[in-house]
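Working notes for the structure below.
Lettering of chains follows the sequences in order, A, B, ..., and the numbering in each one begins at 1. Here the structure is a predicted model, which is why all the values come from computation and not from measurement.
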There are 2 protein chains.
Amino acid sequence: MNTITTCNGLNLQQMTETVNALSADPSLAQFRFRACNRWINGGANRSTIKGFYGAGVEDTSRTKPFVFTNGEPPVLLGNNEGANPVEFLLHALAGCVTTTTVLHATARGITINSIETELEGDIDLQGLLDLDPDVYAGYRNIRIRMDIKADCSDRELDDLLAFAREHSPVCNTVCRPVNVVVERGEVTQVSAA
Amino acid sequence: MNTITTCNGLNLQQMTETVNALSADPSLAQFRFRACNRWINGGANRSTIKGFYGAGVEDTSRTKPFVFTNGEPPVLLGNNEGANPVEFLLHALAGCVTTTTVLHATARGITINSIETELEGDIDLQGLLDLDPDVYAGYRNIRIRMDIKADCSDRELDDLLAFAREHSPVCNTVCRPVNVVVERGEVTQVSAA
């Protein structure tokens, strides 16, 4: 008889096996994620996300692509065709900090009852519009407030959140300067119409 | 008779009025974007995005919220409930660089025929899993390849892309260290179930 033991919705045996496999062979920890995007009109464009490389192979678990549409609100010259890119960044950040929190809570034997987060980020659009060379185009500050309920002390929760902030891939990407190369060239991935 | 003149899908009169208004009163350029997120289970969670503050007022243009689900593929202990957060980050980045390109092409009088981009980013998961303290949790490098067709020279396109890389809010957020504060507390925004 096989029994699957889970904590916080994660399969504990699979989690241990994954960590052991990556510890034994760090080349398996090298992941390469991808997206392709097609401009529609104005501030609207659409991304297709499906394959990625990781754990030494090209992933084939997804039969259909994920498709997401960026748009802009009227005040930013759009028609709310979708959330806008800086809002999608907050979604990515919320999800990554949450998943990192759940992963490391599980590793510490903490059972989580609920997590809700709210995020707010400040942008001065003078940067995007090139109206003032001293203004950054991006977020100046981002605040994440998390309401987390779990079977541990407040001290343990504070430790867990500080750890998640440092180890979340999206949070680390935002907090640290990352090398982004933009070049012109032919695109080979297939994108949604 | 009113005639609406557009270029690349953007209303030129509205664009000029917006730029003039923000130039005259930089306080109108201060935007505050938001998201709220609720954990579902394991690596799945869901964000709700609706309101934001900008141009001196709370925006009311959206009657319904945008809702997005983060998930993880099986190799990362999930069931592909959605794209994962680091993939959503690539979607945000693709969209922002594209929209910034379109905006500044329009300001330069360049008509765009098509834009397709593909993005690829490298992550070493030893960072997320805390297996090696010298490995960053986030993206090490992100490459954006853009296939853009427009009524201008290659030299003008290269200038435009370099400008978009510097002035895209999401690209700037990724390239520059941004202050992210994570704290525990009560959440007041309403999130999707």
Side-chain angles (χ1 to χ4, degrees), chain A residues 9-10 29 31 34-37 39 41-43 45 47 49 55 61 66 68 70 73-75 83 85-92 94-96 98-99 115-120 123 125-126 137-139 141-145 147 165 167 169-170 172-174 178-182 185 187 189, chain B residues 9-10 29 31 34-37 39 41-43 45 47 49 55 61 66 68 70 73-75 83 85-92 94-96 98-99 115-120 123 125-126 137-139 141-145 147 165 167 169-170 172-174 178-182 185 187 189:
Chain A
L10 297 173
F31 277 61
R34 304 184 198 111
C36 52
N37 183 283
W39 177 53
N41 203 22
N45 59 73
S47 295
I49 290 169
S61 68
F66 297 111
F68 307 109
N70 283 300
V75 69
V86 294
E87 293 175 317
F88 271 109
L89 177 82
L90 295 183
H91 162 64
C96 199
T98 296
T99 297
I115 301 178
E116 282 196 75
T117 48
E118 59 186 15
L119 295 86
E120 196 170 56
I123 296 186
L125 288 191
Q126 292 181 99
Y139 277 114
N141 299 289
I142 299 175
R143 296 168 294 281
I144 305 179
R145 181 182 287 255
D147 190 348
R165 181 188 178 282
H167 292 81
V170 173
N172 181 267
T173 298
V174 170
V178 172
N179 182 38
V180 178
V181 173
V182 182
V187 162
Q189 292 180 52
Chain B
L10 296 173
F31 277 61
R34 306 185 196 111
C36 53
N37 182 283
W39 176 54
N41 203 23
N45 58 74
S47 296
I49 290 170
S61 68
F66 298 111
F68 306 109
N70 283 299
V75 69
V86 294
E87 293 175 318
F88 271 109
L89 177 81
L90 295 183
H91 162 64
C96 199
T98 296
T99 297
I115 301 178
E116 283 196 74
T117 48
E118 59 186 14
L119 295 86
E120 197 170 56
I123 296 186
L125 287 191
Q126 292 180 99
Y139 277 114
N141 299 289
I142 299 176
R143 295 168 294 282
I144 305 179
R145 181 181 288 254
D147 190 347
R165 181 189 178 281
H167 292 81
V170 173
N172 181 267
T173 297
V174 170
V178 173
N179 181 38
V180 178
V181 174
V182 181
V187 163
Q189 293 181 52

**Prompt:** Quick one: of L119(A), N41(A), L10(A), who has the most non-hydrogen atom pairs under 4.5 Å with chain B?
**Reply:** L119(A)
**Item:** Backbone N/O of Y139(A) and side chain of T173(B): donor-acceptor pair under 3.5 Å
**Value:** yes
**Asked** Ignoring hydrogens and geometry, is there a side-chain-to-backbone donor-acceptor pair from R34(B) to E87(A) under 3.5 Å?
**Response** no
Mind listing the closest non-hydrogen atom pair of [X] and [Y] along with its distance?
X       : Y       : answer
R145(B) : V187(A) : O-CG2, 3.7 Å
R165(B) : V182(A) : CG-CG2, 3.7 Å
P85(B)  : G95(A)  : CG-C, 3.7 Å

**Asked** With only heavy atoms counted, which part of A83(B) is less than 4.5 Å from chain A, the side chain, the backbone, both or neither?
**Response** both
**Contacting region of F88(A) [heavy-atom separation from chain B under 4.5 Å]** = both
**Request:** Side chain from CB out, backbone as N, CA, C, O: work out which of these in I49(A) comes under 4.5 Å of a heavy atom of chain B, or both, or neither.
**Result:** side chain
Contact between [X] and [Y] at the side-chain level, heavy atoms closer than 4.5 Å - yes or no?
X      : Y       : answer
N70(B) : H91(A)  : yes
V86(B) : V170(A) : yes
T99(A) : N45(B)  : yes

**Asked** Which one of T98(B), I115(B), I144(B) satisfies the side chain to side chain contact (heavy atoms under 4.5 Å, CB included) criterion with N37(A)?
**Response** T98(B)
**Asked** Counting heavy-atom pairs under 4.5 Å to chain A, which of A55(B), G43(B), S61(B) comes out on top?
**Response** S61(B)
**Prompt:** Would you call the rings of F68(B) and F68(A) parallel, tilted or perpendicular if under 30° counts as parallel and over 60° as perpendicular?
**Reply:** perpendicular
**Message:** side-chain contact (heavy atoms from CB on, under 4.5 Å) for I142(A) and V181(B)? Distances and angles first, verdict last.
**Reply:** CA-CA 6 Å; I142(A) 299 175; V181(B) 174; over 6 Å; no
